Amino acid sequence: MGSSRDKLECPLWSSVGHPANRNGTTRSGHHCDYVLVMLIGMLVLAVPVGLLIGTVGVGGVLLPPALVHLGGFGVPAAAGTSSWAFLFTGVAGTLAYARHGTIPWPLAGRLALGAAPAAVAGALVNGLVPPLVVWLVLGSITLGAGAHRLRRGSGGDRTALPTATAVVTGAVVGFGSALTGTGGPVLLVPVLSLLGVAPLAAVAAGQLIQLPLAAFAVLGYGTTGSVHYGLGTLLGVVAAAAVVAGARFARRLPGTRLRQVSAGILLGVGVFLFTLPFWPS
């Protein structure tokens with residue numbers, strides 16, 4: 001086992017704000033070559049994360065586990081750092097979808113109204129809820145939404161919800177997304193799918209809701225020093241570029257094909273979430 005000093009000797013890890021440089025609690029034996037491989041691996045992973053966020057909205061679920069299992073982050077630090085990265089993907093996704101007039105602004109605004117304050121609460125109680133419970137609940141919702149969309153075939157075509165329904169939905173999504181550090185679309189898109197909202201409208205609304213969710217989640221995690229801005233910025237910039245490409249792909253898909261693609265990805269992510277608690281730390 002390396003000493004705390006051994007863990008702090010790599011300038012590269014220090015430059016991206018790894019938690020070891022604050023309290024020396026990360027895994028031992030992090031030498032610069034190993035750190036470089038992990039950093040490259042997480043940056044490479046940010047590409048499919050961004051593509052999935054831009055296309056179907058559920059890519060953010062991959063980032064916190066990568067920070068835990070590849071980077072040695074604790075769960076709160078992984079969630080806080082991911083939330084910071086999602087500010088970048090939220091800006092990129094919102095601009096990409098708004099440019100083509102596909103964001104349902106009234107729906108997105110009501111969702112954000114409920115989501116923003118709930119995100120702070122979710123960030124503050126992150127350490128109190130067992131991760132197993134969090135991932136299994138999120139996996140159940142995602143699997144259910146994928147199966148529902150696949151079974152219905154044509155899927156829903158709504159672009160609006162009653163005000164009370166939208167605000168309550170936003171609050172549930174805000175709390176759950178901040179709790180897990182997975183970004184707004186990961187939970188929002190499956191829930192909106194179950195409520196009959198059209199796939200493209202759900203993904204577009206998810207881009208906008210990332211902004212207040214991520215901002216308030218970072219506010220909550222920042223109070224406990226659980227946001228590592230250097231690495232989060234690198235991941236966010238790479239993922240944001242991929243979001244733009246994913247949004248372009250989603251807009252070009254016919255509605256039926258987009259529903260099929262999103263259903264398949266939701267099912268795959270649901271299975272991933274069910275297996276996640278059993279991964280070795």
Side-chain angles (χ1 to χ4, degrees), residues 16 36-71 73 78-100 102-103 108 142 146 177 180-190 199-211 213-215 217-218 227-253 257-270 272-273 276:
V16 297
L36 179 60
V37 169
M38 286 196 300
L39 179 58
I40 292 174
M42 286 186 285
L43 290 175
V44 169
L45 179 65
V47 175
V49 166
L51 287 172
L52 288 172
I53 289 175
T55 305
V56 294
V58 298
V61 74
L62 302 175
L63 194 53
L67 290 173
V68 172
H69 294 283
L70 293 179
F73 281 68
T81 303
S82 297
S83 296
W84 174 255
F86 294 141
L87 279 171
F88 295 85
T89 59
V91 170
T94 298
L95 291 176
Y97 277 92
R99 180 182 176 185
H100 295 272
T102 50
I103 293 181
T142 307
S177 297
T180 58
T182 52
V186 171
L187 187 54
L188 180 65
V189 170
L200 191 62
V203 174
Q207 307 304 315
L208 178 62
I209 204 174
Q210 285 182 88
L211 295 174
L213 272 180
V218 167
V227 182
H228 305 288
Y229 298 99
L231 180 58
T233 298
L234 289 174
L235 294 171
V237 169
V238 173
V243 165
V244 176
R248 185 179 298 114
F249 177 69
R251 290 194 307 270
R252 292 180 177 178
L253 282 177
R257 181 58 59 85
L258 180 59
R259 290 183 176 97
Q260 293 171 344
V261 170
S262 62
I265 293 176
L266 286 169
L267 289 172
V269 169
F272 167 76
L273 289 169
L276 187 59

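Note that the structure is a prediction, hence the values are computed from the model and not measured. If you read the sequence from its start, that first residue is 1, and numbering goes on from there.
Closest heavy-atom contact between Leu208 and Ala108: CD2-CB, 3.4 Å. Nearest heavy-atom pair across Leu188 and Gly206 is CD2-CA, 3.6 Å. Gln207 approaches Val243 most closely through the heavy-atom pair OE1-CG1, 4.0 Å. Across all non-hydrogen atoms, the minimal contact from Ile103 to Ala98 is CD1-N, 3.7 Å.
Not counting sequence neighbours, Phe249 has no partner by the ring-ring contact (aromatic ring centres under 6.0 Å, His included) test. The side chain to side chain contact (heavy atoms under 4.5 Å, CB included) test applied to Arg257 returns Leu253, Pro254, Gln260, Val261, not counting sequence neighbours.
Counting heavy atoms from C-beta on, the side chains of Arg99 and Leu95 never come closer than 4.5 Å. Residues Leu43 and Leu39 are in side-chain contact: their nearest non-hydrogen atoms beyond the backbone lie under 4.5 Å apart.
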Could you pull out all donor-acceptor pairs under 3.5 Å where a side-chain atom in residues 44-55 meets a protein atom, sequence neighbours excluded?
| unit_1 | atom_1 | unit_2 | atom_2 | d |
| --- | --- | --- | --- | --- |
| Thr55 | OG1 | Leu51 | O | 2.8 |
| Thr55 | OG1 | Gly246 | O | 3.2 |

Please list every donor-acceptor pair under 3.5 Å in which a side-chain atom of residues 231-239 meets a protein atom from a residue at least two apart or in another chain.
| unit_1 | atom_1 | unit_2 | atom_2 | d |
| --- | --- | --- | --- | --- |
| Thr233 | OG1 | Trp84 | NE1 | 2.9 |
| Thr233 | OG1 | Tyr229 | O | 2.7 |

Throw together a table of side-chain donor-acceptor distances under 3.5 angstrom for residues 57-67, partners on residues two or more places apart or in other chains.
none

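Taken from CZ in Phe73 to OG1 in Thr81, the straight-line distance is 5.0 Å, to the nearest 0.5 Å.
Within the structure, side-chain hydrogen bond (donor to acceptor under 3.5 Å, both in side chains) contacts touching residues 85-97 (residues at least two apart or in different chains) are Thr89-Gln210.
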